[in-house]
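The structure appears below as structure tokens.
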Amino acid sequence: MTPRPSSSGSEPKKKAAKKTTKTPKNTAKNTAKKTTRKSAAGTAAKTTPKKSPAAKNPAARTAGAPPREPAQEAAPGRGPAASPEVAVAASSPSLDAADRERLLAGTHHDPHSVLGAHRVPGGVAFRAFRPYALAVSVRSGDLRIELHDDGDGFFSGLVPLREVPSHRLLVTYEGSVQEVEDPYRFLPALGDLDLHLIAEGRHEQLWQALGAHPTVHGGVAGTRFAVWAPNARGVRVAGGFNFWDGTGHPMRSLGSTGVWELFLPGVGAGELYKFEITRPDGSRTFRADPLARRTEVPPATSSVVHVSEYTWGDAEWLARRADRPAHEAPLSVYEVHLPSWRPGLTYRELAEQLPAYVADLGFTHVELMPVAEHPFGGSWGYQVTGFYAPTARLGDPDDFRYLVDRLHRAGIGVLMDWVPAHFPRDDWALAEFDGRPLYEHSDPQRAAHPDWGTLEFDFGRREVRNFLVANAVYWCEEFHIDGLRVDAVASMLYLDYSREAGQWTPNERGGRENLDAVAFLQEMNATVYRRVPGVVTVAEESTAWDGVTRATHHEGPSGFGGLGFGLKWNMGWMHDSLEYMSHEPVHRRYHHGEMTFSMVYAYSENYVLPISHDEVVHGKKSLVSKMPGDWWQQRANERAYLAFMWAHPGKQLLFMGQEFAQGAEWSEAHGPDWWLLDPQYGAAPDHRGVRDLVRDLNGVYRDTPALWQRDTHPSGFSWVVEDAAEDNVLAFLRLDADGTPLLAVSNFAPVVRSDYRLGVPADVPAWHEVLNTDAARYGGGDAGNPDPVKPEPQGWHGRPASIRLTLPPLATVWLHPA
């Protein structure tokens with residue numbers, strides 16, 4: 001992965017921070033606070049008792065008076081029976097000073113133990129914490145109980161009841177009275193099993209426990225908020241529902257798990273929120289929810305309460321996607337950066353165009369560059385702040401589901417780039433989330449990523465590992481993603497990655513391997529494959545690490561079990577082959593080994609051959625611009641190269657724009673140069689010709705099992721001639737499970753080679769040209785072999801028979817038994 005601009009460095013921090021803290025710094029709101037504080041301290045205390053009809057009832061004012069029978073006996077399911085309103089006596093059980101101070105400071109770990117309703121000697125004590133309220137009453141059935149104003153937003157009262165009733169609160173603010181549920185009357189909405197699994201780091205559906213979840217709890221509709229912040233002294237929920245002041249909504253800590261929880265009645269989908277965390281040093285920070293399933297559109301940074309209402313229509317696709325493992329199936333991938341493929345389109349608008357375009361070109365899959373939320377568009381999604389939320393730039397999560405659904409219904413699988421290696425330092429996201437290193441490693445040398453200005457995850461911490469493993473499962477289960485291409489695996493595997501001596505510490509074995517990252521990747525792969533049959537995981541791993549695609553329980557010569565990936569990007573093939581193609585044909589003879597070396601290790605892993613976004617940016621030039629020669633030769637070279645690539649063992653990946661020979665490098669600012677295909681553009685036929693070739697490559701590829709069935713087995717490949725360096729010619733056979741061959745011949749010289757003899761199997765009576773990149777319809781010179789070619793009994797290249805072919809210049813031809 002090429003270095004991407006840092007979100008922290010490239011997005012103005014002032015702008016992001018302003019959006020983040022539209023909370024306690026709002027001027028109008030602060031003015032309102034001052035007004036209401038003054039009112040609460042004065043007006044309410046003087047006027048509320050006088051206006052209360054219940055104040056005229058002497059019996060009601062007697063503290064500790066026993067409940068009257070049977071008028072105040074609790075009725076089943078609805079609290080006390082009907083009774084006149086009552087005013088609470090002055091001797092109400094207010095909070096002690098310590099609890100009061102901790103609630104005001106946002107450092108109370110168990111606000112439910114002191115707020116709400118509790119049995120005490122003499123009856124039931126009601127306590128409410130409603131900053132800026134003028135008055136608070138408790139309503140239970142027909143009974144209304146006015147609480148005493150204890151100052152600073154605290155209200156309390158003692159009612160002579162035997163049991164705690166079901167109740168609601170009547171909260172009077174200046175100009176309005178609101179009847180609301182009391183959040184502090186509810187038991188925890190997280191169960192013991194959830195908490196146990198979180199503590200063990202084994203909650204495989206973590207997103208169902210943490211985050212914000214609209215639900216019905218205790219018969220009341222609201223949203224359950226839960227967040228892991230073990231170092232916090234206190235956590236409060238702030239959002240639009242409380243004018244971004246979380247003072248009155250402190251969360252409770254659930255045991256030793258580090259999880260804080262609060263059920264807020266009346267809060268539903270679409271509400272904005274953040275967590276206000278009091279750090280160990282007493283300072284406060286507003287943080288987006290690490291498990292938010294929806295976010296605001298960047299540069300805004302708030303989380304959004306979300307519940308999916310999408311109904312899927314891809315059952316047929318899901319039912320058959322596990323029929324054949326990916327490495328034994330046709331797999332050609334079109335890599336897409338969604339925001340720039342057709343700039344300005346939403347997920348739903350993309351769904352009307354992308355599936356049709358990809359299906360027309362015959363690709364089996366799309367690979368989406370990261371769609372998880374990220375603050376800076378120039379990072380292309382590789383600096384993630386919202387790991388559980390599709391970027392809101394293109395729509396909401398259900399809109400993204402719609403896009404995936406439409407791709408599936410068009411017969412196209414969906415792979416997604418996934419970035420578990422690192423995260424940006426934005427101070428409203430994961431960095432020192434609760435005031436101390438939490439998601440990042442506690443050792444600064446291991447936390448700081450040396451290349452991208454980001455932070456590396458602490459893969460040794462079970463809760464962090466759980467966060468990431470569950471995230472991989474989340475995309476596959478919740479969004480029906482068919483595979484994850486895991487970014488920057490090499491940077492995770494090595495402790496000395498981009499570090500000099502003295503900047504890293506060897507592992508317990510004395511080596512440079514990151515044992516925590518190895519264990520994480522093994523757990524992630526094993527969990528995903530177990531839970532979601534038919535998916536594939538793909539590693540972008542650029543080193544010779546042993547066993548990237550080996551099963552996790554099979555130990556290799558290095559002493560490690562396999563990492564458990566299904567496929568691995570073949571970065572070596574990509575670098576070598578592009579280096580060869582960049583040379584003038586006259587010099588290619590000296591670099592012939594760069595095109596043959598890949599077969600030395602082709603079966604060490606299950607490979608993908610990637611021509612990805614990384615190869616067409618930052619001065620590397622587009623694919624066609626890497627090629628030498630004039631415009632005709634550049635296009636001919638690209639066509640020959642693509643056909644060589646499609647025939648080579650391994651799966652194929654091509655980045656958008658390269659399918660029609662775009663000359664300019666890709667830029668996320670404007671995307672592919674679609675105007676090159678406009679019929680009114682004079683050179684449009686040249687670009688359409690390359691695209692037509694890609695369509696035909698995919699068509700023949702999918703219909704020819706020899707090109708994919710034995711990609712990972714030596715029996716699926718046989719050289720015909722690999723040493724014709726002087727001719728710039730390469731020829732090999734691909735074979736399917738039944739031994740049926742396809743002959744691929746590439747001539748990387750700019751001359752026609754007539755009657756070029758090649759050895760072939762004797763049992764094929766004739767060969768038919770099924771693809772020729774020099775065909776006129778692709779923009780070539782139309783040299784080739786239009787008629788069936790019959791073998792001659794003359795042995796050649798160690799084979800009993802041979803054929804004589806016309807090899808077009810700078811072209812690849814495929815021949816199949818006639």
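What you see below is based on every heavy atom in this structure, not just the backbone, and it leaves out hydrogens, waters and symmetry mates.
- In this model, a donor atom of one side chain and an acceptor atom of the other lie less than 3.5 Å apart for Thr537 and Asn525.
- The aromatic rings of Tyr334 and Tyr357 sit tilted, their planes meeting at an angle between 30° and 60°.
- Here CG of Leu170 is found 7.0 Å from OG1 of Thr172. Values are rounded to the nearest 0.5 Å.
- Looking at every heavy atom in both residues, Leu254 comes nearest to Glu261 through CD1-CB, 3.7 Å.
- Judged by distance alone, with hydrogens and angles left aside, the side-chain atoms of Thr223 form a donor-acceptor pair with the main-chain N or O of Val267 at under 3.5 Å.
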Audit row: Trp666, Trp341, ring pair (Phe, Tyr, Trp, His ring centres under 6.0 Å) steps and yes/no
CA-CA 10 Å; Trp666 167 66; Trp341 185 73; over 10 Å; no

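- Side chain of Ser303 to backbone of Ala292: no donor-acceptor contact under 3.5 angstrom is found.
- Between Thr346 and Asp399, every side-chain heavy-atom pair lies at or beyond the 4.5 Å cut-off.
- Side-chain atoms of His203 and Asn466 include no donor-acceptor pair closer than 3.5 Å.
- Checked against a 6.0 Å centroid threshold, the rings of Phe263 and Tyr184 do not count as neighbours.
- Closest non-hydrogen pair, Ala372 versus Val384, comes out as CB-CG1, 3.7 Å.
- Taking CZ of Phe363 as the reference point, atom CD of Glu335 lies at 11.0 Å (rounded to 0.5 Å).
- Pro298 places a side-chain heavy atom less than 4.5 Å from the side chain of Arg393.
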Would Phe275 and Phe286 satisfy ring pair (Phe, Tyr, Trp, His ring centres under 6.0 Å), going step by step from the backbone distance to the final call?
CA-CA 6 Å; Phe275 295 114; Phe286 280 83; over 10 Å; no

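- Between Thr301 and the options Lys274, Glu296, Glu373, a side-chain hydrogen bond (donor to acceptor under 3.5 Å, both in side chains) holds for only Lys274.
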For Arg202 and Glu523: C-alpha separation, side-chain torsions, deciding distance, then whether salt bridge (Lys or Arg N to Asp or Glu O under 4.0 Å) applies.
CA-CA 10 Å; Arg202 296 289 179 182; Glu523 181 182 347; 3.3 Å; yes

If you apply the rule side-chain contact (heavy atoms from CB on, under 4.5 Å), what do you find for Val227 with Leu210, and how did you get there?
CA-CA 6 Å; Val227 63; Leu210 300 182; over 6 Å; no

What's the verdict on side-chain contact (heavy atoms from CB on, under 4.5 Å) for Arg130 and Tyr173, showing C-alpha distance, side-chain angles and the deciding distance?
CA-CA 10 Å; Arg130 291 282 164 167; Tyr173 295 101; 4.1 Å; yes

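- Contact check for Val333 versus Leu654: no side-chain heavy atoms found under the 4.5 Å cut-off.
- Here CZ of Arg168 is found 11.0 Å from CD of Gln178. Values are rounded to the nearest 0.5 Å.
- The residue from Trp312, Trp317, Tyr310 that alone fulfils the side-chain hydrogen bond (donor to acceptor under 3.5 Å, both in side chains) condition with Asp405 is Tyr310.
- Not a single donor-acceptor pair under 3.5 Å links the side chain of Thr215 to the backbone N or O of His217.
- Between Ala229 and Asp434, the closest heavy-atom pair is C-OD2, 3.3 Å.
- Around atom CD of Glu352, more than 12 heavy atoms belonging to other residues, nucleotides or ligands sit under 6.0 Å away.
- With hydrogens and angles left out, the side-chain atoms of Ser140 and His167 include no donor and acceptor closer than 3.5 Å.
- A cation-pi contact, defined as under 6.0 Å to the ring centre and within 45° of the axis, links Arg401 to Phe479.
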Walk me through whether Arg139 and Glu179 qualify under salt bridge (Lys or Arg N to Asp or Glu O under 4.0 Å).
CA-CA 9 Å; Arg139 171 170 285 178; Glu179 180 170 351; 3.4 Å; yes

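- Contact detail for Ala488 and Ala421: the closest heavy-atom pair is O-CB, 4.0 Å.
- Residue Asp487 holds its CG atom at 7.5 Å from CE of Met492, rounded to the nearest 0.5 Å.
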With salt bridge (Lys or Arg N to Asp or Glu O under 4.0 Å) as the criterion, how do Arg409 and Asp314 come out once you've worked through the C-alpha distance, each side chain's angles and the decisive distance to 0.1 Å?
CA-CA 6 Å; Arg409 290 196 238 181; Asp314 62 349; over 6 Å; no

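- Counting only heavy atoms from C-beta outward, the side chains of Glu432 and Asp427 never approach each other to under 4.5 Å.
- Taking the centre and axis of the six-membered ring of Phe459, the NZ or CZ atom of Arg465 falls outside the cone set by 45° and 6.0 Å.
- Between His408 and His480, the ring planes are parallel. Angles under 30° get that label, and only those over 60° would be called perpendicular.
- Trp380 and His613 have perpendicular rings, their planes meeting at more than 60° on a 0 to 90° scale where under 30° would count as parallel.
- Proximity of a side-chain donor or acceptor of His213 to a complementary backbone N or O of His306 within less than 3.5 Å is not detected.
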Evaluate side-chain contact (heavy atoms from CB on, under 4.5 Å) for Val536 paired with Leu567, printing each intermediate quantity in order.
CA-CA 7 Å; Val536 62; Leu567 298 168; 4.0 Å; yes

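- His374 and Ser379 get closest at one heavy-atom pair: CD2-OG, 3.9 Å.
- Between atom CG of residue Asp417 and atom NE2 of residue His337 there is a gap of 10.5 Å, rounded to the nearest 0.5 Å.
- Counting heavy atoms from C-beta outward, Leu394 and Leu350 have side chains that approach closer than 4.5 Å.
- Within the 4.5 Å cutoff, the side chain of Leu438 has no heavy atoms near those of the Glu463 side chain.
- With Phe387 as the partner, the ring pair (Phe, Tyr, Trp, His ring centres under 6.0 Å) test is satisfied by one option alone out of Trp475, Trp418, Phe457, Tyr474: Phe457.
- Minimum interatomic distance between Ala189 and Arg224 (heavy atoms only, all atoms of both residues): CB-CD, 3.3 Å.
- Residue Cys476 holds its SG atom at 9.5 Å from OH of Tyr529, rounded to the nearest 0.5 Å.
- Between Leu415 and Leu484 there is no side-chain heavy-atom pair separated by less than 4.5 Å.
- Annotation for Asp192: atom CG does not count as buried by contact number, only 12 or fewer foreign heavy atoms lying within 6.0 Å.
- Side chains of Tyr273 and Asp289: a donor-acceptor N/O pair is present below 3.5 angstrom, by distance only.
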Do Asp110 and Arg252 pass the salt bridge (Lys or Arg N to Asp or Glu O under 4.0 Å) test, and can you show the C-alpha distance, the side-chain angles, and the key distance before you say yes or no?
CA-CA 5 Å; Asp110 190 13; Arg252 63 178 147 206; 5.3 Å; no

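- Counting heavy atoms from C-beta outward, Asn242 and Arg236 have side chains that stay 4.5 Å or more apart.
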Run the numbers on Val171 and Val180 for side-chain contact (heavy atoms from CB on, under 4.5 Å), then give the verdict.
CA-CA 8 Å; Val171 186; Val180 297; 4.1 Å; yes

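- Side chains of Asp398 and Tyr347: no donor on one and acceptor on the other come within 3.5 Å.
- Under 3.5 Å, the side chains of Thr285 and Arg287 contain a donor-acceptor pair of N or O atoms.
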